[in-house]
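Order of the sequence lines sets the chain letters (A, B, ...), proteins ahead of strands, with each chain counted from 1.
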2 protein chains.
Amino acid sequence: MGISKIDKMHNLSKNQQIIFDLIDKSPEPLKAYTILYNVQKRGIKAPPQVYRALDKLVEMGKIHKIESRNAFIACHNSSCQVDKATAFSICEVCEKVTEISSTGLSKYLANFKDKDGMKYNKYNLEFFGLCKKCRT
Amino acid sequence: MGISKIDKMHNLSKNQQIIFDLIDKSPEPLKAYTILYNVQKRGIKAPPQVYRALDKLVEMGKIHKIESRNAFIACHNSSCQVDKATAFSICEVCEKVTEISSTGLSKYLANFKDKDGMKYNKYNLEFFGLCKKCRT
DNA sequence: TTATAAATGTTATATTATTACATAGTGTTA
DNA sequence: TAACACTATGTAATAATATAACATTTATAA
């Protein structure tokens, strides 16, 4: 029998679970060292433990890295099983980050071909602007 | 009279010019400390000098930062006067980076509205895959 | 159970980026 | 020109982000 790949995806190791829980609860992207400080009481003491868990969680698609901010947010797009196609909006004033899930956008980008007719297996898109709150 | 804003955009300061020239000549994205090592003979000795020039050049749109790689490439898209709308393809094997200039893509993204009908003033898109060479 | 892979613990270090403050150049305008 | 504001530079120190290397433990599968 054994567990299927899908089941396995939800089976986080101890450190992965601790770190995922923290990110998932957070209303904003968390940085690696912020995470470290917050999980030291739970036994995770050193950077490599944090970065290893982050790497795996990103691979699994459970979290995403906001590259322009070196920070991590939980994926709330249930269809994200892999780190493959990501889009975010980022408020340049309050730094609020929201994952964009637009079928139109993801279809457009997944099918985008460059001049040479090449398609890509993965992308990351970050939009910048003012969020509703900061716009007013 | 004085120089117009446009003219001024092409008037780089000494350090900016040295660093721009290096990046512009390079066939691949350069990292800040690689730049530092390469311009020390020209009198630029410390990180802040490099980062300050990089910041200005990015603002002007003369270079772009590849966020996922912490590296910088010259803009070869002549219409880029500002750091506003950027798209790149990145080969995951050889790390070759190419700026994408597709009217269709930039129009689509400039006009993209999220669920709340919000448009953004800026974006950065990074595609990942295999370049021609590495694909074969 | 034994081999294998995945995850962990730990120390040290590498890489990327900024703060803070002093000085010098450039353009503007009174 | 003198005074001012603004931009750029020089320099030392340090902060923030990330990885290497190696020993050990835990989980999984044959």
Worksheet item: Can you tell me how far P of C/dT16 sits from OH of B/Tyr51, to the nearest Å?
Response: 7 Å
Item to complete: Check the distance between C/dT16's P and B/Asp55's CG and give it to me in whole angstrom.
Response: 16 Å
Fill in: Backbone of B/Leu105 reached by a side-chain donor or acceptor of A/Tyr108 within 3.5 Å
yes
Practice prompt. Quickly work out the B/Leu36 CG to C/dT16 C1' distance and round it to whole Å.
Written response: 12 Å
Worksheet item: Is the closest basic N to carboxylate O distance between A/Lys122 and B/Glu126 below 4.0 Å?
Response: no
Discussion item. Taking 4.0 Å as the cut-off, does a side-chain nitrogen or oxygen of B/Lys56 come that near to OP1 or OP2 on D/dT9?
Written reply: no
Worksheet item: Using a cut-off of less than 4.0 Å, is there contact between a side-chain N or O of A/Asn15 and OP1 or OP2 of C/dA6?
Response: no
Practice prompt. Using a cut-off of strictly less than 4.0 Å, decide whether B/Lys14 has a side-chain nitrogen or oxygen near OP1 or OP2 of D/dA8.
Written response: no
Worksheet item: Atom CD1 of B/Ile18 and atom P of D/dA8: how far apart are they, to the nearest Å?
Response: 14 Å
Practice prompt. For the side chain of A/Pro47, starting at C-beta, report the closest nucleotide among D/dT19, C/dA20, C/dA17.
Written response: D/dT19
Discussion item. If I take atom CZ in residue A/Phe72 and atom P in nucleotide D/dT17, what distance separates them, rounded to the nearest angstrom?
Written reply: 10 Å
Item to complete: Look at the side-chain N and O atoms of B/Gln49 and state whether any lies under 4.0 Å from the OP1 or OP2 oxygen of D/dA8.
Response: no
Item to complete: Determine whether the side chains of A/His64 and A/Glu99 contain a donor N or O and an acceptor N or O closer than 3.5 Å.
Response: yes
Item to complete: Return no unless some side-chain N or O of A/Lys65 is found under 4.0 Å from OP1 or OP2 of D/dA18.
Response: yes
Response to the item:
B/Lys31 NZ to C/dT15 C1', in whole Å, measures 8 Å
Worksheet item: Think A/Ser13 has a side-chain N or O under 4.0 angstrom from the OP1 or OP2 of D/dT26?
Response: no
Fill in: Any A/Lys45 side-chain N or O less than 4.0 Å from OP1/OP2 of C/dT10
yes
Discussion item. If you go through the side-chain atoms of A/Tyr33, does one of them form a donor-acceptor pair with the base of D/dA15 closer than 3.5 Å?
Written reply: no
Fill in: Distance below 4.0 Å between A/Asn70 side-chain N/O and C/dT16 OP1 or OP2
no
Practice prompt. Check the distance between D/dA16's C1' and A/Ile35's CD1 and give it to me in whole angstrom.
Written response: 14 Å
Response to the item:
note: B/Arg52, atom CZ; C/dA22, atom P; distance rounded to Å ~ 14 Å
Worksheet item: Does a salt bridge link B/Glu95 with B/Arg69, judged by any charged N lying under 4.0 Å from a carboxylate O?
Response: yes
Worksheet entry | Sole residue of B/Ile18, B/Asp21, B/Asn15 in side chain to side chain contact (heavy atoms under 4.5 Å, CB included) with B/Val39 | B/Ile18
